[in-house]
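First comes the structure, then the notes that go with it.
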2 protein chains.
Amino acid sequence: MGTEAHEDHEAGQEWADVSPDAARRLVRAAVEAFAERGYHATTTRDIAGRAGMSPAALYIHYKTKEELLYQISGVGHRLALGILEQAAAGDGTPAERLADAVRSFVHWQATHHTTARVVQYELGALGEEHYAEVLAMRRGTDSAVRSIIQDGVDAGDFDVPDVAGTTLAVLSLCIDVARWFNPNGRRTPETIGELYADLVLRMVGAVR
Amino acid sequence: MGTEAHEDHEAGQEWADVSPDAARRLVRAAVEAFAERGYHATTTRDIAGRAGMSPAALYIHYKTKEELLYQISGVGHRLALGILEQAAAGDGTPAERLADAVRSFVHWQATHHTTARVVQYELGALGEEHYAEVLAMRRGTDSAVRSIIQDGVDAGDFDVPDVAGTTLAVLSLCIDVARWFNPNGRRTPETIGELYADLVLRMVGAVR
DNA sequence: CCTTGCACTGAGCAAGCGCTTAGGGCTTCC
DNA sequence: GGAAGCCCTAAGCGCTTGCTCAGTGCAAGG
């Protein structure tokens with residue numbers, strides 16, 4: 001209809017190296033369906049149908065429906081953690097690194113908002129072992145952000161009474177983008193990233 | 001086990017005037033189950049079991065499982081909207097009213113985090129008409145917060161380049177409390193309310 | 001041309017789902 | 001004491017669910 005989102009050329013790219021082709025189609029279909037209706041409301045028939053195959057074909061590539069979710073959640077968490085750790089390891093000032101972290105993380109959440117929605121809001125549906133594995137990565141994202149904020153405090157650049165609490169709030173703000181972002185709305189991943197980077201610098205009391 | 005949450009005397013209070021007693025037990029059981037596992041993963045047998053009755057008894061008080069969700073979502077949204085509108089209509093400075101709004105809204109989200117979780121994250125499971133009804137109330141919460149921020153800008157108290165975007169971010173920050181809040185953690189609804197009120201005043205550039 | 005191996009399908013199974021129905025006790029009125 | 005009305009249960013209906021399995025078509029190797 002000509003109303004496609006402005007970032008279609010990037011969305012779905014995170015699955016480019018899943019092989020074979022049928023497995024890739026299944027993951028993309030599952031992400032779409034899970035993001036739209038949630039894991040429990042999605043049927044394996046729906047996923048297989050979206051991928052253009054019969055319900056039984058799904059089980060050639062994935063043992064269970066939960067394994068599909070685990071694949072999505074694992075890849076998504078690894079990508080998100082990578083973005084934050086790269087920003088934390090940068091060589092700018094703490095303010096520059098924090099702004100970079102928020103900008104790029106938010107940009108990713110918005111661009112890949114379907115994947116992000118599954119990653120952030122469906123982890124409760126994972127099996128016990130897979131859930132524990134994912135939790136470890138989430139602790140990593142927390143410590144990446146906290147280390148930047150702590151650096152800013154130590155350098156005297158930030159004014160933050162409660163580092164742990166502020167870290168939590170910053171991450172919470174970024175994560176929630178996946179819930180409300182609408183690719184057909186006015187805001188682009190770029191403008192939201194800029195806005196949020198600015199808001200977060202204000203939260204930590206960094207001078208502009 | 002003696003590890004009960006510190007706000008147990010308040011939690012569940014929002015259903016005090018649901019009658020008869022069996023219907024109230026059902027709502028409380030449904031809130032608990034929906035918050036724990038999500039709407040779609042919760043069975044009517046589970047709800048009835050938690051309420052101490054047979055599966056069939058549920059249908060004497062509610063026509064469908066969705067009607068239970070609608071009751072919860074409706075009451076929850078009305079309470080949340082009331083809190084924000086009361087803060088917006090207060091007679092302090094814009095900074096005082098914004099801090100009050102954030103503090104009391106966050107406090108409510110944390111204290112009633114099971115209800116809040118259902119309210120904020122299960123609205124997609126509502127039927128079409130009920131969903132539209134709830135969306136109208138959500139637009140109300142947005143305009144309540146925006147009006148406070150706009151007042152602050154007009155009065156020259158706030159420095160906000162993007163009022164709509166900042167409103168979105170403030171509400172997003174508060175709403176996400178329902179996702180991560182843990183009643184057995186260190187933070188209480190009061191301390192989170194204080195922290196968030198401070199962070200939001202920084203976001204709008206209000207002088208302390 | 002035949003065999004092997006693999007992606008895939010049509011049909012369907014056992015289990016669990018939301019919800020219904022027939023009927024039983026209890027209280028409340030005359 | 002009997003009728004009426006309400007709250008509740010045991011049983012189960014029709015359907016959908018995640019998942020399985022015997023068998024098919026097809027490309028690769030000899």
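Throughout, a chain's letter reflects where its sequence line sits, starting with A, and its residues are numbered from 1.
- The shortest side-chain heavy-atom distance between B:Pro189 and B:Gln109 does not fall under the 4.5 Å cut-off.
- Taking only side-chain atoms of A:Lys65, from C-beta outward, the nucleotide of D:dT9, D:dG18, C:dC8 with the closest atom is D:dG18.
- If you take CD1 of A:Ile47 and P of C:dC8, they are 16 Å apart, rounded to a whole angstrom.
- Within the 4.0 Å cut-off from OP1 or OP2 of D:dC8, at least one side-chain nitrogen or oxygen of B:His61 is found.
- Atom CG of A:Leu98 sits about 5.5 Å away from atom CD1 of A:Ile149, to the nearest 0.5 Å.
- Computed from coordinates, the A:Tyr62 OH to C:dA7 P distance equals 13 Å when rounded to whole Å.
- Residue A:His40 contributes atom NE2, which lies 14 Å from atom C1' of C:dG16 at whole-angstrom precision.
- Note that the CG atom of B:Leu135 and the NE2 atom of B:His77 stand 8.0 Å from one another [nearest 0.5 Å].
- Map A:Thr43 and B:Ala57 each onto its nearest nucleotide of DNA chain D; the residue landing nearer the 5' end is B:Ala57.
- As a whole-Å value, the separation of B:Ile60 CD1 from D:dG5 P is 17 Å.
- Ion pairing between a basic and an acidic side chain is recognised when a charged N comes within 4.0 Å of a carboxylate O; B:Arg187 and A:Asp162 show such pairing.
- No salt bridge links A:Asp142 with A:Arg138; every basic N to acidic carboxylate O contact stays at or beyond 4.0 Å.
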Pairs under 3.5 angstrom, nitrogen or oxygen only, protein versus nucleotides 10-12 of chain C, please.
none

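- For the side chain to side chain donor-acceptor pair (under 3.5 Å) with A:Thr115, the lone residue among A:Arg28, A:Glu14, A:Gln120 that qualifies is A:Glu14.
- Following rounding to the nearest Å, A:Leu68 (CG) and D:dG18 (P) show an atom-to-atom distance of 12 Å.
- When rounded to the nearest whole Å, the span between OH of A:Tyr39 and C1' of D:dG18 equals 9 Å.
- Rounded to an integer number of Å, the gap from B:Leu58 CG to C:dT21 C1' is 16 Å.
- One can place CG of B:Leu26 at 8 Å from P of D:dC8, the figure rounded to the nearest angstrom.
- Contact check for B:Pro183 versus B:His113: side-chain heavy atoms found under the 4.5 Å cut-off.
- Comparing C:dC19, D:dC7, D:dC19 by their closest approach to the side chain of A:Tyr59 singles out D:dC19.
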